[in-house]
Number of protein chains: 2
Amino acid sequence: MTTDPHSTAGPASGHGHDHAHCIADALMRADALCAERGARLTALRRQVLELVWNSHKPRGAYAILEDLSQREGKATAPLTVYRALEFLVEHGLVHRIESLNAYIGCAAPGAVHSGQFLVCETCGNAVEIDDPRIRAAIGTIAAEHGFQVSRPTVEVRGTCTDCQEKTP
Amino acid sequence: MTTDPHSTAGPASGHGHDHAHCIADALMRADALCAERGARLTALRRQVLELVWNSHKPRGAYAILEDLSQREGKATAPLTVYRALEFLVEHGLVHRIESLNAYIGCAAPGAVHSGQFLVCETCGNAVEIDDPRIRAAIGTIAAEHGFQVSRPTVEVRGTCTDCQEKTP
DNA sequence: GGTCATGGCGTTATCTTATTACATCGCCGG
DNA sequence: CCGGCGATGTAATAAGATAACGCCATGACC
């Protein structure tokens, strides 16, 4: 439902999919999830979520800040963005890519979050995956070490299919 | 060979092991590895490596910088440390923990590096693991996505055995 | 021995990312 | 109405990282 090869094209992504749909979808799910939890998805937070979703590339907090300032027509403080991001991350609507100091919209908010990503070093896109084998392997080895897992982070750097084709 | 319950105790680690031995060992291996490769492990780089090894906790570049400045008796520039760290990371003597913006000595330099860590959120210690199952699982799923892996990063946050025992 | 190229290091400035401290606003329950 | 709490605004600053430039030691080569 989120991939649509023929479309009017989204504003930022290079993929041939209806990115506007991605955004709308993400916002809808966020609304639903927050309503369900009694969390307050304020205008500001919603705005930041939308900006995070502007592409499928992880975006730095200050990039988002710039966009936000532009939209609002006035300078916004970093803290404003960081606070919104903190909220969004806490509620699993956004993930932080540690190896990039950047943020990306969650593909499946509400579901189990083990936070696994394939990050393309060429185009910058990041695809969220949630492979049970990886999760299981981590769980197993952690148990073997008597280590109690709270937050597993898997970020695989490399080259995505598209970029491989472009540079054979 | 690296764990020795009865000892004169290392300078920083809380574990009951001879940490001085860890350090000496790490330096020796680094010397050997660099000699083998024709890489120049200069006095400065060796010093930084030693400081990284001062504990089994990941250390920030600026923490190392402070130590270095103190040892040298004069202020050192950040770049100095970053350059040394870059060299050490390139040669697999040190790993960068992305989720902490910090650096830690490699437990098995020269061997395969997939960079997997169990990071305790309580005591700050990080244990390097290299589980073939995790590596395999990442390889498999990457292949399924047509994704070419260059650098997998696995950083598992949680609580280590010792800290679990202390807070039951 | 001279000289030249290279790589390591020093100096300074600057950039990006993130947080601390404190004030204000607005909504909701009592 | 008012107290309290969560959200936002403002200002300053910490922490992490890099850019631009140049000097100096080392070692190869003549």
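Just so you know, these numbers use all the heavy atoms, side chains as well, and skip hydrogens, waters and symmetry mates. First the proteins, then the strands, lettered A, B, ... as listed; each starts at 1.
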For Glu72(B) and dG10(C), what is the distance between atoms CD and P respectively, to the nearest whole Å?
-> 8 Å

Pick out which of Leu85(A), Leu65(A), Thr42(A) makes a side chain to side chain contact (heavy atoms under 4.5 Å, CB included) with Val48(A).
-> Leu85(A)

Parallel, tilted or perpendicular: ring planes of His19(A) versus Trp53(A), cut at 30 and 60 degrees | tilted

Arg59(A) CZ - dT17(C) C1' separation (whole Å) = 15 Å

Heavy atoms under 4.0 Å, any strand shown: does Arg83(A) hit a base, just sugar-phosphate, or nothing?
-> base

Mind checking Leu79(A) for me? I need base, sugar-phosphate or nothing, with any heavy atom below 4.0 Å counting as a touch.
-> base

Using atom types as modelled and distance alone, determine if a side-chain donor or acceptor of Gln116(A) lies under 3.5 Å from a backbone N or O of Asp131(A).
-> yes

Can you label the angle between the His17(A) ring and the His56(A) ring as parallel, tilted or perpendicular, going by 30° and 60°?
-> tilted

Can you tell me if the side-chain N/O atoms of Arg96(B) get under 4.0 Å from OP1 or OP2 in dA17(D)?
-> yes

Give the rounded distance in Å between these two atoms: CG of Leu85(B) and P of dC9(C).
-> 12 Å

Along DNA chain C (nearest heavy atom to each residue), the more 5'-positioned of Ala63(A) and Leu44(B) = Leu44(B)

Output yes when at least one side-chain N/O atom of Tyr62(B) is less than 4.0 Å from OP1 or OP2 of dA15(D), else no.
-> no

What is the distance, rounded to the nearest whole Å, between atom CG of Leu65(A) and atom P of dT10(D)?
-> 13 Å

Select one nucleotide: of dT18(D), dT11(C), dA7(D), the one nearest the side-chain heavy atoms of Arg40(A).
-> dA7(D)

Think Thr42(B) has a side-chain N or O under 4.0 angstrom from the OP1 or OP2 of dC9(C)?
-> yes

Atom-to-atom span, CD1 of Ile64(B) to P of dA17(D) - whole angstrom | 10 Å

Nucleotide dG9(D), atom C1' - distance to CD of Gln47(A) in whole Å = 16 Å

Nearest-nucleotide 5' precedence on DNA chain D, Ala84(A) against Tyr103(B) | Ala84(A)

Tell me what Arg45(B) touches on the nucleic acid: a base, only sugar-phosphate, or nothing, going by heavy atoms under 4.0 Å.
-> sugar-phosphate

Verify whether one side chain among Glu98(A) and Thr153(A) offers a donor that lies under 3.5 Å from an acceptor in the other.
-> no

Separation of dT18(D) P from Asn101(A) CG (nearest whole Å) = 10 Å

Measure from CG on Leu100(B) to P on dA18(C) and round the result to the nearest Å.
-> 13 Å

Give a yes/no on whether any side-chain N or O of Thr80(A) is located under 4.0 angstrom from OP1 or OP2 of dT8(D).
-> no

